[in-house]
Amino acid sequence: MRRSLRRAPVRLLFTEYPLPDASRRLERRIADMPPVADEIMTTTCYMCACRCGIRVHKKDGKPVYIDGNRDHPVNKGVLCAKGAAGLKNHFSPARLTTPLKRVGPRGENAFEPISWEEAFELAVSWLKPIRDRNPKELALFTGRDQSQAFTGWWAAQFGTPNYAAHGGFCSVNMAAAGLYTTGGSFWEFGDPDWERTEYFLLFGVAEDHASNPIKMGLAQLKERGVKIVSVNPVRTGYSAIADEWLGIAPGTDGLFVMALIHELLRTGRVDVDYLIRYTNAPWLVIQAPGTADDGMFARGEDGHPLVWDREKDEAASSASGEIKPAMKGEVILPDGRRAVPAFELIARRCLDEAYTPAAVAERTGIPAETIRRIADELAQAAFEREVVIEEPWTDCWGRHHDRMIGRPVAMHAMRGISAHSNGFHTCRTIHILQVLLGSIDTPGGHRYKPPFPRHIPCPAKPTGRPSQIAACQPMPGMPLGFPGGPEDLLIEDDGTPVRIDKAYSWEAPLAIHGMMHTVITNAWKGDPYRIDTLFMFMANMAWNSAMNVPGTLAMLTDKDPETGEYRIPHIIYSDAYQSEMVAYADLVLPDTTYLERWDAISLLDRPISDPDGVADSIRQPVTTPDRDVRPFQDVMVELGYRLGLPGLTNADGTSKFPDGYKDYLVNHLRKPGVGTLAGWRGENGGSAGKGAPNPGQLDAYVANGSFWRHEFAPGHRFYKFANAGYLAEAKELGLIDHDAPIVMQLYSEEMQKFRLAARGHGPHQPPESERERIDTYCDPLPLWYAPFGSQDGTYRLHAITQRPMAMYHAWGSQNAWLRQIHGWNRLYIGQAVAQRAGLETDDWAWLESRHGRIKAQVAVMDGVNPNTVWTWNAIGKRAGAWALDEHASEAEKGFLLNHMIDDLLPERDDGHRYANADPVTGQAAWYDLTVKIEKAAEGGSEPQFAVLGKGARAIGKEPVR
Ligand code: SF4
């Protein structure tokens, strides 16, 4: 009976099983239960980056319970462990309680509480002189900030180009490669067509980033019996439920994908019609080595790229939808120059012997026959299981299509492939594979989430050229943007970087998310210059967000021997919690929790759209702070007003947004009719996308469950890059500036422009020292090269981290409920490594890299690449931080790999050291780490740092265990 009960659906308890007394007792207990809440408010979760809709149940004004909002487009009511545990972040004993001013040496955690008025006065006393003399002396960097459209704009108003959020050390390779290839990418940019795909390929996913939405999607695939193939050095999380796991060697995903493409091209299984219609595959590339046009597209007088009309045997404009262009063969252009279709160059590259399955098998760890089989399965799914939706649509060339035909192969990739020094090209190669199969934004394939796709390159350029920076002046545009070539770099006349992080310089030309991971080192070295104030928001740069943690702490506390002042003179830090970074600030601005503020998940930033509709959402305060804290965004509005920033101050000296960020959300206009929120615009709230500010806008959001969504007509939902109806509607909504077709760029002319500059052409050329690097890595074709870190022969084991599904960065591992799931982390090793090093589960081991050494407790497992060790990220804590007991397991047994990861690459011949990053985008190369392992005699994780909190005052309540 017991066994039957466990298996039976709950509803049977009351109908089919003879337990009348028990059921009556249960019914009585349910009836007697006091109501959980007396009020329910909707808002948006901030326990990870998925931005699910939640309902916060309140009792006597206090949040007591969180569940998912069933009407919300992101999660449809699904709530994960992190989301439910948001209460414990909200009530965390680690919450900061009042503004703080440092009173002891940096790093000792000694502060005195000050009033907000004193805090503002102190901040203004540092920031105003900077703005008056040289705005670049302020570096404003934010972490997992979901208000980047605002914080970036604030930096521009201040006049500094030195702004970015954490994308540079997270997944900018994925974003940049996608945006420069397809006008979209994975995660926030697009989704698999979960409903229709027939084959799903998953690369290196960080489970916490794509959490509920991907779990819901994977569940659909499992229900439909769709094959899931996971390519990941470690079989955890989503890989554990995959039908096939390929335990690839870290950093070789691009090589594996090149071999897949090789096989598809060799067997002639690519979607040629799709390539001709929607990509630059037929565009003619000039072949004139040594000239300034070599590798550029041949263009007609109207500026459109040329193709070769096979029927007329002559050059024709690619803008015409009627021609049948050649995809191979060299042609002679009317001006006598030679040219070949871009597709031929791609085919030549990918069909190279270096990319045969046999050639890549050993390095990737994936047998050649497996690679051939996966290529075959991809082709079968794409071309033999075609998906058709009977929905007519019209393309940009006026051609009517009766139906939508799809290639049902979908892919998803995230940080695991991104965080390598070859990550940009790897991500680009994955996108090229999707395009060759004809599966981008077709039924069953990978679908854009509006406002994506965007035109290539995105029209917004980075701002911060020397002529755009002046004392007391705002910059004329946003700091981050999309270079179209060397002319858009932010460099001085002598080629040195304008930005403190060196983004958009010859060292990282497409650093579209900035390079936060380089700021502290560069500021300390004064390379390219010294700054006055480092202002950071929720970025734990003194611990789990830093490479080279010991070195970073030394730089934060180092003093200039000549002046006796800190080499980074002022550090302002805002956070809701007492993270490790707090101890290194001079001024601490305590933020609220996510349940205590207004916020927007904006189309100007990273919205919550889905492939069928465009959407954004808000956070509303569901409770009032019981501490002397303020929302960071409110503080920035006030600070901007006190500094007299033009966007925040009226001509008469009054504040433009006296009601703070809430006021800004409704009334700020980024351009005519376009504000932070797209829903209920216009004076009466009747407009979508564009319209005048609506005083009742936030009320409308709240009444609608804290989100807005506009669904596209069925005929506008696929082929968005060339769907005339979609593009017109997207333009009308303000998602794109013009409705010309978005042509996917298999061959990247932008990259070729950088390469030509390196070869001595054009007015903007790199210094001699950068020519070879730019020439090598700014390759217009897909490319694989070994990650920089793996070229060290002494340290042959790869060491990587995975994100635990139940935690989001450092926040999750201080949460009283979630730390019961992962209270500390182990170093996971495979059987072969264990045998070689004489290790067993529970032993302790030393791990050593070329940069540092840590000690960790091991666990032996199957399901890991034989040359890889790994651990969970961001669980190890510094003793005394986060209001945890100094003997907390996170501190005594937990550990970080960060201490072993150098933030710089080894010296070049002339002594220069590049950032440990991708040479194209500047993405931090966390996963290039290589190590050696040996058994340790005794336990306890190392290194240990001085316990934080000994000198702390006014941080919050007493530490709790
Ligand atoms: S997936 Fe992320 S945003 Fe959604 S409920 Fe979980 S923690 Fe919150």
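Atoms within a ligand are numbered from 1 in the order they appear, just like the ligands themselves. As a basis for the values below, the full set of heavy atoms in this structure was taken, side chains included, without hydrogen atoms, waters or symmetry mates.
With a 4.5 Å cut-off on side-chain heavy atoms, Met411 and Val409 count as touching. Side-chain contact between Asp67 and Ile54: absent, with no pair of heavy atoms (C-beta onward) separated by less than 4.5 Å.
Within a 6.0 Å sphere centred on CH2 of Trp824, other residues, nucleotides and ligands contribute 12 heavy atoms or fewer.
Scanning Arg51, Met805, Lys82 for the heavy atom closest to atom 3 (S) of ligand 1 points to Arg51.
One distance of note links CE of Met547 with OG of Ser545; it measures 11.0 Å at 0.5 Å rounding.
The residue from Trp680, Phe707, Trp708, Trp598 that alone fulfils the ring-ring contact (aromatic ring centres under 6.0 Å, His included) condition with Tyr701 is Trp680.
Taking 4.0 Å as the cut-off, Asn75 does not count as a neighbour of ligand 1 on heavy-atom distance.
Using cut-offs of 30° and 60° on the angle between ring planes, the pair His517 and Phe169 is perpendicular.
Coordination check, Cys80 versus atom 8 (Fe) of ligand 1: failed, since every N/O/S atom of the residue sits at 2.8 Å or beyond. Note on Cys48: not counted as a metal contact of atom 4 (Fe) of ligand 1, no N/O/S atom lying under 2.8 Å.
Which parts of ligand 1 touch Leu79 is read off a 4.0 Å heavy-atom cut-off, strictly below it: atoms 5 (S). Ligand-side atoms of ligand 1 in range of Cys45: 3 (S), 5 (S), 7 (S), 8 (Fe), range being under 4.0 angstrom from any heavy atom. For ligand 1, the atoms lying closer than 4.0 Å to a non-hydrogen atom of Ser211 are 1 (S).
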